[in-house]
Asks: 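So that we are looking at the same thing, I have put the structure below in structure tokens.
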Amino acid sequence: MKFLCVDCDQRMVFEERQLPGDGTLAVAFRCPACGRTVALLTNPWETQLVSSLGVIIGGRTVPEQPMELTRTTTEGGREGAFADAEPGEERRDSTPGGAPARVTWDDRATQRLANVPSFVRGMVKRIYADYALERGIAVITPEVMDAARSDLGLEGM
Amino acid sequence: MTRRIRTYRELSGEDRSGIVAQVVAQQDRVRERLRAVRHTVAVMSGKGGVGKSFVTALLAAALAEAGKRVGVLDADLQGPTAARMLGVGREPLAVRDDDVVPPEGARGVRVISSDLLLAEGAPLKWKEPGEARFVWRGTLEAGMLREFLADVAWGELDLLLVDLPPGTDRLTTLMELLPGLTGVLAVTIPSDASLRAVARSLQLAREGRIRILGIVENMANYRCAHCGAQGPLMTGDAADRLAAEAAAPVLARLPFDPAVQAAVDGGRIGEPADPAFAALAAALLARVEGA
């Protein structure tokens, strides 16, 4: 999907994507010539038709997680069906021979994470932890989670 | 006068979403994951109740008993049974950075099934949006099947058996996801009703240029659990007629044996060992190795 500013005959550039959490999607594009901004708004059906393919509208911001589509779309997944490797277990920092890099979660972030359904909790935890590790953040707080959601376009998680 | 608007193809550069590229990447991931799998065989029927999963589970165990590295992918997402037949428990699936580790069942057979993901007795359902879910249900099921292929750490396998549900739809999906499918094994019972249903699936396989490895006649007769004597169970010659039509051999005629069935239901597959399945395993190996 591409957007063209007809008046300027210029291809519009991506500005931002928002997932309000109600199944709809908003993606804003701006004309680099005249500055006009338009938003693509999809209804839940249109959003679902594309996301059912396991693809991300607007492009991927984080690598595809194992069984991501299954875990995010199955209703009533079994409690404890997955045992996700603790974030940091399989990662090493960039220093030569470096020790496993880890992040810790403060109490408020832990509480917030506990509200995520267990079927996807481990996957969501890993995405946040990767975000923190890549930015050298040692402690995950709700503010870090908010920043990750915004930066990675995870409003639906 | 209507002004001319440039078309999608006339605007240079990829679109940001790259939907096609994402789908292609998914397909590449399936191919990459299965690179270490020598043969992928779909066990199908087209008709329900002929014992596909039962045959799949016992065949997998027999292949493993013969020293082969075997995996079973339960593609019957709505009615999964293969995992428990192979004695897989309900332990959590270990998720690593890039994959999910499949649990091992009887004889070390690696298994993935929606049964391992669903709460006890819960049907497979999908989230969002509430109405007319039929529009995307098939797409989501295909997505789950794709992830079972691409995201499971199958490792090196001699054979991956894919246990298909009744009907022809999932075979089509599998053929599209897996161009390198070694072939199909068709399970039937002797009856005419089974003949007609299985024939449709075989026709679909032929149209997709999928090799028909053979026909398995299940419940070919009845074997007494006490004395081993065999007697008739049902009438019909579906296996022979399907084999003739498909120009493929009947690889096995399996008796219905209550003792074997009870052992499988009890998670004690292969106790007692059934020589009929060892023979089927040998016949299938001969066919795939000759591919």
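Labels below follow one simple rule: chain letters A, B, ... track the order of the sequence lines, proteins then strands, and each chain is numbered from 1.
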Asks: Check whether Leu117(B) gets within reach of chain A through its side chain, its backbone, both or neither, counting any heavy atom under 4.5 Å.
Replies: both

Asks: Look at Gly76(A), Gly77(A), Pro66(A) and state which one has the largest set of heavy-atom pairs under 4.5 Å with chain B.
Replies: Pro66(A)

Asks: Decide yes or no on side chain to side chain contact (heavy atoms under 4.5 Å, CB included) for Ser45(B) and Ser201(B), but give the supporting numbers first.
Replies: CA-CA 7 Å; Ser45(B) 167; Ser201(B) 292; over 6 Å; no

Asks: What pairs of donor and acceptor atoms, side-chain ones from residues 100-111 of chain B against any protein atom, are under 3.5 angstrom apart with sequence neighbours left out?
Replies:
{"unit_1": "Arg107(B)", "atom_1": "NE", "unit_2": "Glu65(B)", "atom_2": "OE1", "d": "2.4"}
{"unit_1": "Arg110(B)", "atom_1": "NH1", "unit_2": "Trp154(B)", "atom_2": "O", "d": "2.3"}
{"unit_1": "Arg110(B)", "atom_1": "NH1", "unit_2": "Glu156(B)", "atom_2": "O", "d": "3.4"}

Asks: So which part of Ile112(B) gets closer than 4.5 Å to some heavy atom of chain A, the side chain, the backbone, both or neither?
Replies: side chain

Asks: For Met67(A), does its backbone N or O pair with a side-chain atom of Asp151(B) as donor and acceptor, under 3.5 Å?
Replies: yes

Asks: With a 4.5 angstrom heavy-atom cut-off, could you sort out which part of Met1(A) is near chain B: side chain, backbone, both or neither?
Replies: backbone

Asks: Heavy-atom distances under 4.5 Å only: say whether Glu79(A) touches chain B with side chain, backbone, both or neither.
Replies: neither

Asks: If we only count heavy atoms from C-beta on, is the Leu161(B) to Leu59(B) side-chain gap below 4.5 Å?
Replies: yes

Asks: Quick check for you: among Ala119(B), Gly143(B), Ala142(B), Ser114(B), which has the greatest number of heavy-atom pairs under 4.5 Å with chain A?
Replies: Ala119(B)

Asks: At a heavy-atom separation under 4.5 Å, does Phe3(A) approach chain B through its side chain, its backbone, both, or neither?
Replies: backbone

Asks: Sequence neighbours left out, what passes side-chain contact (heavy atoms from CB on, under 4.5 Å) with Glu15(A)? Give chain and number order.
Replies: Ala28(A), Arg30(A), Thr37(A)

Asks: Based on non-hydrogen pairs under 4.5 Å, which of Leu53(A), Val13(A), Val27(A), Thr70(A) is most in contact with chain B?
Replies: Thr70(A)

Asks: If you measure only the distance, is there a donor-acceptor pair under 3.5 Å linking the side chains of Thr182(B) and Thr40(B)?
Replies: no

Asks: Do you know which of Arg29(B), Met144(B), Arg90(B) has the most heavy-atom pairs under 4.5 Å to chain A?
Replies: Arg90(B)

Asks: Would the distance check show the side chain of Asp115(B) and the main-chain N or O of Thr81(B) forming a donor-acceptor pair, the cut-off being under 3.5 Å?
Replies: no

Asks: Hey, which of Leu118(B), Val152(B), Ile5(B) has the most heavy atom pairs under 4.5 Å with chain A?
Replies: Leu118(B)

